[in-house]
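Structure record follows, encoded as structure tokens.
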Amino acid sequence: MPVPESTAVEWLAAGGIVTVGGVLVRFLGWTFLLAGYDGQSAIPDDVVAEMAGNTILRVGIAVLAFGGLASVTDVPSSLGPLVGLAILVAVGRLLYKLNTYEPTGA
């Protein structure tokens, strides 16, 4: 049985932890896990939990997928920085959405 490289194990472990964090934020509403968010902003907690939780879940699943790919094949060295860039884009998109949030009229 082939043994995955240590970098693949690191990506899998990090992806698993981030995915669990995304589940906690998205589905259990644990917004206290978000750095700098104290629950007293103009954005409701459920909106923050949904937006941030979805982003964290996407990042976690992408990192898990990269770790799975790295464990079964030899990935190019340029793919790691591309995953990092995709994570930065996702976080930037989340920050933009949170900073431009306007509640829908009722």
Side-chain angles (χ1 to χ4, degrees):
M1 180 171 166
V3 177
E5 291 187 33
S6 64
T7 55
V9 174
E10 292 171 5
W11 282 95
L12 288 169
I17 291 170
V18 172
T19 302
V20 168
V23 168
L24 292 174
V25 171
R26 173 65 174 101
F27 297 109
L28 298 178
W30 287 19
T31 55
F32 64 86
L33 294 175
L34 303 173
Y37 182 73
D38 60 359
Q40 297 185 12
S41 70
I43 305 172
D45 281 347
D46 58 337
V47 173
V48 171
E50 181 180 344
M51 284 185 186
N54 286 342
T55 300
I56 296 168
L57 275 171
R58 276 190 223 112
V59 167
I61 291 169
V63 171
L64 272 172
F66 181 77
L69 180 66
S71 68
V72 296
T73 186
D74 189 25
V75 295
S77 62
S78 62
L79 197 55
L82 286 177
V83 171
L85 182 63
I87 291 170
L88 284 176
V89 169
V91 170
R93 179 177 175 263
L94 171 66
L95 291 174
Y96 176 77
K97 285 175 60 177
L98 288 174
N99 285 318
T100 59
Y101 173 77
E102 291 184 17
T104 56

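Atom CG in Leu33 sits 6.0 Å away from atom CG in Leu24 (nearest 0.5 Å). Note: Thr31 OG1 to Arg26 CZ = 13.0 Å, rounded to the nearest 0.5 Å. We find the CG-CZ distance between Leu88 and Arg93 to be 15.0 Å, quoted to the nearest 0.5 Å. Rounding to the nearest 0.5 Å gives a distance of 10.5 Å between CG of Leu69 and CG of Leu12.
Of all heavy-atom pairs between Ala90 and Val59, the closest is CB-CG2, 4.2 Å. Residues Trp11 and Gly67 approach most closely at CB-CA, 3.6 Å, considering heavy atoms. Across every non-hydrogen atom of Met51 and Leu98, the tightest pair is SD-CD2, 3.4 Å. Among all heavy-atom pairs drawn from Ser78 and Pro81, the shortest one is O-CD, 3.4 Å.
Residues forming a ring pair (Phe, Tyr, Trp, His ring centres under 6.0 Å) with Tyr37 (at least two apart in sequence, or on another chain): none. Residues meeting the side-chain hydrogen bond (donor to acceptor under 3.5 Å, both in side chains) test with Arg58, sequence neighbours left out: none. When the ring pair (Phe, Tyr, Trp, His ring centres under 6.0 Å) test is applied to Phe32, the partners found at least two apart in sequence or on another chain are Trp30.
Linking Ile, Leu, Val, Met, Phe, Trp and Tyr whenever their side-chain heavy atoms come within less than 4.5 Å leaves Ile61 and Leu28 in two separate clusters. Both Tyr101 and Val25 belong to a single network of hydrophobic side chains, linked directly or stepwise wherever heavy atoms of I, L, V, M, F, W or Y lie under 4.5 Å apart.
Annotation: side chain of Thr7 is not in contact with side chain of Val75 (no heavy-atom distance under 4.5 Å). Side-chain contact between Ile56 and Leu34 is present, with heavy atoms from C-beta onward closer than 4.5 Å.
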side-chain contact (heavy atoms from CB on, under 4.5 Å) evaluation trace for Leu82 with Phe66: CA-CA 11 Å; Leu82 286 177; Phe66 181 77; over 6 Å; no
Criterion side-chain contact (heavy atoms from CB on, under 4.5 Å) on Val18 and Val63, from CA distance to verdict: CA-CA 8 Å; Val18 172; Val63 171; over 6 Å; no
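No option in Val48, Asn54, Val47, Asp46 other than Asn54 meets the side chain to side chain contact (heavy atoms under 4.5 Å, CB included) test with Glu50.
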